Amino acid sequence: MFRSKYAYFTRSFKAACGQLTKTLKQTIRMIDIWRKQFILSDSDQPTRIHDIRPTEANYEALDPKTFEAIEAEALFHTIDQTKTETGRLALYRSIARPAQDAQVLQQKQVAVREIESNPQLYDALANFAGKVSAGEKSLKHLLYGEFSGGLATEEPSDRSDKLEFGGYGYRQYQDGTQFAVDLVEKAGKLPRPQSAYLRTLLDAIHDFGQSRLFALMKGPVYSTGGKFKTKKEKSSFDLYSRFRPSLFKIMPTLIFFATGYGILFFIETLMPQLGASYIGYGILALTVPVFPVVLLAMGVSDRDAIIYPLRKQFRESPELAKAVEALGLLDELLSFVRYGQSYAGDKVLPEILDEKQHRLTVSQARNPLLIKNIPDYVPNDIHLDPAGRVLIITGPNSGGKTAYCKTIAQIQLLGQIGCYIPATQGQLVPAEHIYYQVPDPGQLSAAMGRFGHELQRTREIFFNATPRSLVVLDELSEGTTFEEKMTISEYILKGFHKLGASTLLVTHNHELCELLQKDGIGRYLQVEFMPQGPTHRLIAGISKVSHADRVASAIGFSRKDVEAHLERQIETNQS
C-alpha cells in the first residue's frame with residue numbers, strides 16, 4: 001500500500017513538474033512575439049507605412065519585387081478591418097514582413113480562436129480598442145510634434161514631413177499623457193483571457209502601468225535642472241518644482257502682480273515728498289503689456305526644459321513602445337476575426353507546422369483577391385510537400401496559371417500572419433523567403449537584355465533561397481534559343497530540387513517537363529480546357545496544346561483576321 005501511494009505521488013509530482021515546465025517554456029517563447037523594432041518610433045518622426053514596406057536594402061521574407069508581384073498591398077486592404085492607427089501599421093507590417101516562427105504563429109491562432117469563440121471577450125476587446133483609439137493621435141502629436149510658440153494651439157499643419165503646432169505643447173502633453181493613462185486603466189478592466197498570446201499583450205500594458213515612466217505620464221512631475229522625479233520619488237527636502245502643463249500658472253502670476261504692487265507701495269510710502277505716486281502708477285501700468293511677455297517666456301522655458309526632454313524619454317521607453325505595440329497587435333487579431341466573419345465562403349486557420357523544410361497543402365483554395373468579384377470562383381488544391389516539392393504548371397494563356405500561382409503565394413502569406421485562408425483545410429510551414437519572379441520590362445538594361453535581366457533575378461533567388469523557401473518562377477530563360485533555354489532551365493530546376501525549396505514553374509515548354517519527368521523530378525499540373533474554353537481548374541498532366549489561335553481569335557488577331565484586313569486594304573487602295 002505504501003508503495004502504491006509512493007508511486008502515485010511520484011507520478012503526480014512528475015506530471016505537475018511537466019506541466020510547469022511546459023508553461024514556463026510557453027512563457028519564455030512568448031517573448032518572441034515582439035519584433036526587433038517597435039511600431040512606436042524612437043526617432044523624431046513617427047512610423048509610417050512606407051517605413052515598413054520592403055526595400056532592396058531592407059527586407060525579410062518578402063523582397064520588394066515579390067511584394068509587388070503578389071499584390072501584397074491589395075491583400076492588406078482586403079483583410080484590413082483595424083480600428084486603430086497602430087493596429088493598421090501592425091497588420092501592414094505582418095503582410096510586408098511576415099513572421100517566421102511557427103510556435104508564435106500557433107499561439108497567435110489560439111488567440112484568434114478564443115476571441116472568435118468568446119463573444120464577451122470579443123466585445124470587451126473591441127470596445128477597449130475603440131475607446132482608446134480616440135486619443136491615439138494625441139500621443140503621436142506629443143511625441144513627434146514641433147511647437148512653434150504663441151498663444152494658439154491649432155491642429156497640425158498640412159506639411160507631410162512634420163507635425164507643427166502653435167503653442168508650447170501643453171495641450172498635446174495633457175492629451176498624450178492622458179491617452180497613456182486611459183490605455184492602462186481601461187486594459188485593467190478587461191477580462192483575463194485564456195490564451196498565452198493575449199495574456200502577453202495585456203501583461204505588456206499592465207507592466208507599463210507599473211513603470212516609472214507611466215508615473216511620470218500620470219503625474220505630477222517635479223523638475224529641476226533638467227531632472228525629473230515622480231511624486232513617489234520626491235522627498236520633502238527636494239527643491240523640485242511641480243510642473244503644471246498650462247501657460248497660466250497661479251503662483252508666478254500672483255508673484256508678478258504682487259511685485260508690481262510692492263513697487264507701487266514702496267514709491268508711495270517712502271518717496272511721497274518727490275510726488276512720485278504718478279511714477280508708481282505709470283510703472284504699474286507698464287506691467288499689463290509686460291505680463292504676456294513673461295507668460296510666453298515661461299512657455300518657452302516649459303517647452304524646452306520640460307516637455308521636450310520628457311517626450312524624449314517617452315519616445316525611447318521600451319515599456320511605452322511595448323504597450324502601444326500590444327494595442328496594435330490586439331487590434332490586428334480583432335481584424336482577423338472581423339475578416340473571417342465577413343467572408344461568406346469556406347475559411348480556415350491553417351495548421352502551422354514546425355518543420356525544417358517548407359510545406360503547403362491546402363484543399364479547395366480560392367484566390368483571396370478574386371473571390372470578391374467572382375462569386376463562382378473555381379477552387380483548386382495545393383500540394384507542395386516532400387513528394388512534390390517542384391510543381392510545374394503548363395497550359396495556354398488565360399487558363400488560370402498565374403492566378404493559381406498568386407493564390408499559392410497569397411495563401412502562404414495569409415497563413416503566415418495568423419489569418420484565415422479561403423479554403424476548407426490547410427497546413428503550412430512558415431517560409432523564410434517567398435520569391436515570385438515575373439518578367440519586368442521596366443527594369444531592362446541595354447547591357448543585358450531580357451535574357452540577362454531575368455537570369456540575374458533567378459540567380460538572386462537561387463542563392464538566397466533555403467529549404468524553407470517558397471519560389472514561383474513565371475517562365476525561365478526567355479530571350480534565347482530553344483536549345484539554350486532547355487539546357488539552362490533544366491539545371492536551374494534540378495538545382496532548386498536539390499536545394500529543397502518549394503518551387504513552382506509556369507511554362508509552355510512541355511519538352512522540359514518531359515525531360516525532368518524522366519528523372520523523377522516534379523509534379524505536373526495543366527490547365528483544364530473544355531470545348532467552350534478553360535475551366536480554370538488545374539488537373540494532373542502536361543499540356544502540349546497552346547490554344548494560341550483561340551486566344552488570337554478572341555482578341556481579333558487570328559490568321560483570318562489578318563488576311564481579311566489585308567483584303568480590305570487592297571480593295572480600299574484599288575478604289
Side-chain angles (χ1 to χ4, degrees), residues 26 29-30 32-33 75-84 86-95 98-99 101-133 186-187 189-205 325-354 362-369 371-372 379 410-428 430:
Q26 289 179 342
R29 291 294 301 171
M30 289 312 298
D32 291 340
I33 74 171
L75 190 63
F76 161 73
H77 291 296
T78 296
I79 66 172
D80 178 26
Q81 298 195 35
T82 56
K83 303 300 181 182
T84 66
T86 309
R88 183 168 177 263
L89 291 171
L91 177 57
Y92 191 91
R93 183 185 60 188
S94 291
I95 290 284
D101 191 310
Q103 296 188 37
V104 170
L105 287 171
Q106 291 166 357
Q107 294 164 353
K108 197 172 185 180
Q109 285 186 345
V110 172
V112 172
R113 291 190 179 99
E114 181 180 8
I115 295 173
E116 182 187 38
S117 62
N118 187 336
Q120 291 78 18
L121 178 61
Y122 171 82
D123 290 340
L125 292 175
N127 289 335
F128 165 71
K131 288 179 180 178
V132 298
S133 67
K186 288 181 170 59
K189 299 177 182 179
L190 291 171
R192 188 67 176 168
Q194 298 297 317
S195 58
Y197 189 94
L198 280 173
R199 290 201 307 270
T200 300
L201 297 181
L202 295 183
D203 286 346
I205 300 176
E325 189 99 347
L327 170 63
L329 295 177
L330 280 171
D331 197 19
E332 180 188 50
L333 295 176
L334 291 168
S335 181
F336 292 162
V337 174
R338 295 186 188 108
Y339 168 69
Q341 292 172 344
S342 66
Y343 178 60
D346 293 323
K347 62 182 181 297
V348 67
L349 290 174
E351 180 185 0
I352 305 297
L353 306 175
D354 192 358
V362 182
S363 300
Q364 299 293 289
R366 289 174 169 83
N367 184 279
L369 301 182
I371 52 177
K372 295 190 300 180
Q410 291 166 1
I411 280 185
Q412 172 73 38
L413 189 53
L414 282 182
Q416 198 162 328
I417 68 173
C419 187
Y420 292 94
I421 63 172
T424 57
Q425 179 275 336
Q427 287 183 330
L428 66 85

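Remember, predicted model here, so these are calculated numbers, not experimental data.
For the pair Leu190 and Ala124, the tightest heavy-atom approach, listed with the atom from each and the gap, is CD2-O, 3.4 Å. Contact detail for Gly418 and Val112: the closest heavy-atom pair is O-CG2, 4.0 Å. When all heavy atoms are compared, the tightest approach of Gln427 to Glu351 is NE2-OE1, 2.7 Å. Shown here for Ile417 and Phe336, the closest heavy-atom pair between the two residues is O-CE1, 3.3 Å. A pairwise comparison of heavy atoms in Ala99 and Gln416 identifies O-NE2, 2.9 Å as the closest pair. Considering all non-hydrogen atoms of both residues, Tyr197 and Gln107 come closest at CB-O, 3.5 Å.
Arg93 pairs by the salt bridge (charged side-chain N to carboxylate O under 4.0 Å, His left out) definition with Glu325, not counting sequence neighbours. Looking at residues two or more places apart in sequence or on another chain, you find a salt bridge (charged side-chain N to carboxylate O under 4.0 Å, His left out) between Asp203 and Arg192.
Atom CD of Gln364 and atom CG of Asp346 lie 8.0 Å apart (nearest 0.5 Å). Going from atom CG of Asn118 over to atom CG of Leu125 covers 9.0 Å, rounded to the nearest 0.5 Å. With values rounded to the nearest 0.5 angstrom, Gln410 atom CD is found 12.5 Å from Ile421 atom CD1. Atoms CG and OG1, on Leu89 and Thr82 in that order, are 8.5 Å from each other to the nearest 0.5 Å. Between Ile95 atom CD1 and Leu75 atom CG the span is 4.5 Å, to the nearest 0.5 Å. Atom CG of Leu413 is separated from atom CD1 of Ile79 by 8.0 Å, given to the nearest 0.5 angstrom.
For the pair Ile33 and Leu201, the minimum side-chain heavy-atom distance is below 4.5 Å. A 4.5 Å side-chain heavy-atom check between Ser195 and Ile115 finds every atom pair outside the cut-off. Side-chain contact between Ile352 and Leu428: present, with at least one pair of heavy atoms (C-beta onward) separated by less than 4.5 Å.
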side-chain contact (heavy atoms from CB on, under 4.5 Å) between Leu121 and Leu198, worked out: CA-CA 11 Å; Leu121 178 61; Leu198 280 173; 4.0 Å; yes

side-chain contact (heavy atoms from CB on, under 4.5 Å) evaluation trace for Leu334 with Tyr122: CA-CA 8 Å; Leu334 291 168; Tyr122 171 82; 3.7 Å; yes

side-chain contact (heavy atoms from CB on, under 4.5 Å) between Phe128 and Ile205, intermediate numbers included: CA-CA 13 Å; Phe128 165 71; Ile205 300 176; 4.1 Å; yes

Worked verdict on Gln425 versus Ser363 for side-chain hydrogen bond (donor to acceptor under 3.5 Å, both in side chains): CA-CA 5 Å; Gln425 179 275 336; Ser363 300; 3.2 Å; yes

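Residue pairs meeting the salt bridge (Lys or Arg N to Asp or Glu O under 4.0 Å) criterion with at least one partner in residues 108-118, sequence neighbours excluded, are Lys108-Glu332.
Judged purely by atom type and a 3.5 angstrom limit, Lys83 has no side-chain atom pairing as donor or acceptor with the backbone of Gly130. A donor-acceptor contact shorter than 3.5 Å is absent between the side chain of Ser335 and the backbone of Asp331. Side-chain atoms of Arg338 come within 3.5 Å of backbone atoms of Gln81 as a donor-acceptor pair (strictly under, hydrogens ignored).
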